[in-house]
Amino acid sequence: MSVYTASATAPVNIATLKYWGKRDKTLNLPTNSSISVTLDQQDLRTLTSAATSADFQKDNLWLNGKEEGIKGERTIACIKDLKRLRKELEDADSSLPKFSEWGVHIVSENNFPTAAGLASSAAGFAALVLAIAKLYKLPQLMSEISKIARKGSGSACRSLFGGYVAWEMGEAQDGLDSKAVEVAPVDHWPLMKAAILVVSDDKKDTPLTTGMQSTVATSDLFQYRIKEVVPKRFEEMKKAIQERDFEVFGDLTMKDSNSFHAVCLDSVPPIFYLNDTSKKIIKLIHKLNEQEGKIIAAYTFDAGPNAVIYYEEHNENKVLGLIHKYFHQVPGWDKVAHKKANFKDSDIEFDTEAYKGVSRIILTKIGPGPQDTNQALVNEQGLPK
Ligand code: 2P0
């Protein structure tokens with residue numbers, strides 16, 4: 001029997017202009033456009049292999065070594081779209097093997113532990129959709145593929161590009177214009193670095209979809225956010241990226257994180273994603289910027305307490321100097337061991353116990369989009385290795 005395989009990797013992205021709110025839950029259409037920075041896949045990525053064969057009776061999925069099966073409606077929707085596009089190719093060329101009628105096996109792994117506390121649905125769905133698109137030899141461009149990934153998880157559409165990425169909300173009811181586009185490639189502004197403070201959290205967060213739906217239905221502030229705040233900020237942030245203006249970029253990034261958490265708090269019942277440690281980190285970054293007399297570091301928080309701090313490479317000694325002073329006890333600093341001697345000491349006063357609320361630091365930077373890879377997670381039979 002012939003088994004056909006293909007593999008792809010996809011990066012994690014962290015939004016600097018947040019997606020929060022759906023206007024269509026099934027198609028994952030957002031109530032506002034968003035912007036993100038793609039992170040380096042050496043530190044954070046999903047690798048996915050896809051395999052198909054006339055002998056595969058059904059679709060199947062293995063995640064991080066465990067057989068999960070194809071359960072979620074969203075995964076089913078992605079596979080259905082990909083098979084439909086493959087069928088178009090087969091209808092046009094009868095010599096092609098009928099992949100669209102065969103089962104597909106998907107094997108996926110993250111290079112970071114789930115315990116790192118980072119959501120992986122964006123990289124996960126982007127890699128899944130890409131691996132199958134590659135297996136099926138689909139000719140569609142990344143923006144087209146991003147619409148399929150979007151149905152898996154909204155933020156996944158942004159993981160199909162590297163550098164600075166926008167998800168244009170679109171207006172069409174069928175979602176055909178709701179897609180990711182590149183704002184600027186890594187090379188345009190390669191100095192962007194990110195320090196992720198993984199904040200320990202024992203409470204269960206409000207699930208994302210429930211949270212978003214609740215905000216859309218109950219928050220008055222949310223209406224102001226999507227109508228007045230985000231459309232203007234979307235243009236301003238794109239301009240700041242084009243002009244490599246960190247002060248404006250950082251200011252907008254922090255404001256938008258706070259605006260997103262404000263509409264969460266304004267929901268009924270209120271949704272809390274930040275905890276006390278998160279709030280301490282927010283204050284610390286403001287103190288740093290105040291002391292510098294300009295914005296050299298910018299925090300952003302997603303649907304959980306982890307802090308992502310963006311800064312430019314030439315300010316690393318100041319930014320990491322301060323973070324290291326108060327969080328040197330947490331794992332993750334090895335990578336910059338050779339740079340520690342240059343870290344600038346800080347006289348900013350801060351809670352010396354705050355590190356107890358942080359489980360690790362991930363030091364990373366901006367990175368390119370999905371990569372082709374020869375690494376495969378499936379064997380010749382199309383099963384996990
Ligand atoms: C973002 N978040 O823009 C925002 C900020 C969380 C806070 O996108 O339901 O996993 O799969 O479309 O994409 C996380 O939401 O939600 C997210 P679904 P998704 O990154």
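One-based numbering, in listed order, for ligands and for the atoms of each. As the structure is a computational prediction, the values presented were derived from the model and not from experiment. These values consider heavy atoms only, across backbone and side chains, with no hydrogens, waters or symmetry-generated copies.
- Separation of the Y355 and F327 ring centroids does not fall under the 6.0 Å cut-off.
- Protein heavy atom at the shortest distance from atom 17 (C) of ligand 1 is Y19 CD2, 3.9 Å.
- Under the 4.0 Å criterion applied to side-chain N and carboxylate O atoms, K232 and E235 are not assigned as salt-bridge partners.
- Of all the heavy atoms of S121, the ones lying under 4.0 Å from any atom of ligand 1 belong exclusively to the side chain.
- If you number the atoms of ligand 1 from 1 as listed, the ones under 4.0 Å from a heavy atom of T209 come out as 9 (O).
- Of the N and O atoms on the side chains of W167 and S178, at least one donor lies less than 3.5 Å from an acceptor on the other residue.
- Contact atoms of ligand 1 toward N28: 12 (O) (distance under 4.0 Å to a heavy atom of the residue).
- Against a heavy-atom cut-off of under 4.0 Å, F260 is close to the following atoms of ligand 1: 7 (C).
- The closest approach between any non-hydrogen atom of W167 and ligand 1 is not below 4.0 Å.
- For atom 10 (O) of ligand 1, the nearest non-hydrogen atom from the set A15, S153, G124, S36 belongs to S153.
- Between R23 and T31, the side chains place no donor N or O within less than 3.5 Å of an acceptor N or O (distance only, hydrogens not considered).
- Closest heavy-atom approach to atom 9 (O) of ligand 1 within the set Q213, K151, K22: this belongs to K22.
- With D256 as reference, R233 is the one residue of H261, R233, K18 to meet the side-chain hydrogen bond (donor to acceptor under 3.5 Å, both in side chains) rule.
- The shortest separation from a heavy atom of R158 to ligand 1 is under 4.0 Å, placing the residue in contact.
- Between R225 and E228, no side-chain nitrogen of the basic residue sits less than 4.0 Å from a carboxylate oxygen of the acidic one, so the salt-bridge criterion is not met.
- Across all their heavy atoms, L363 and D43 have their closest contact at O-OD2, 3.7 Å.
- L208 CD1, 3.7 Å is the protein heavy atom nearest to atom 14 (C) of ligand 1.
- Between the D302 side chain and the G304 main chain, no donor and acceptor come within less than 3.5 Å of each other.
- W20 and F260 have their aromatic ring centers within a separation under 6.0 angstrom.
- The single protein non-hydrogen atom nearest to atom 16 (O) of ligand 1 is M212 CE, 3.6 Å, given as residue, atom name and distance.
- Considering backbone and side-chain N/O of S155, one or more are found under 3.5 Å from N/O of ligand 1.
- Distances between N or O atoms of G154 and those of ligand 1 include at least one value under 3.5 Å.
- Here's the thing with D302: none of its N/O atoms is less than 3.5 angstrom from an N/O atom of ligand 1.
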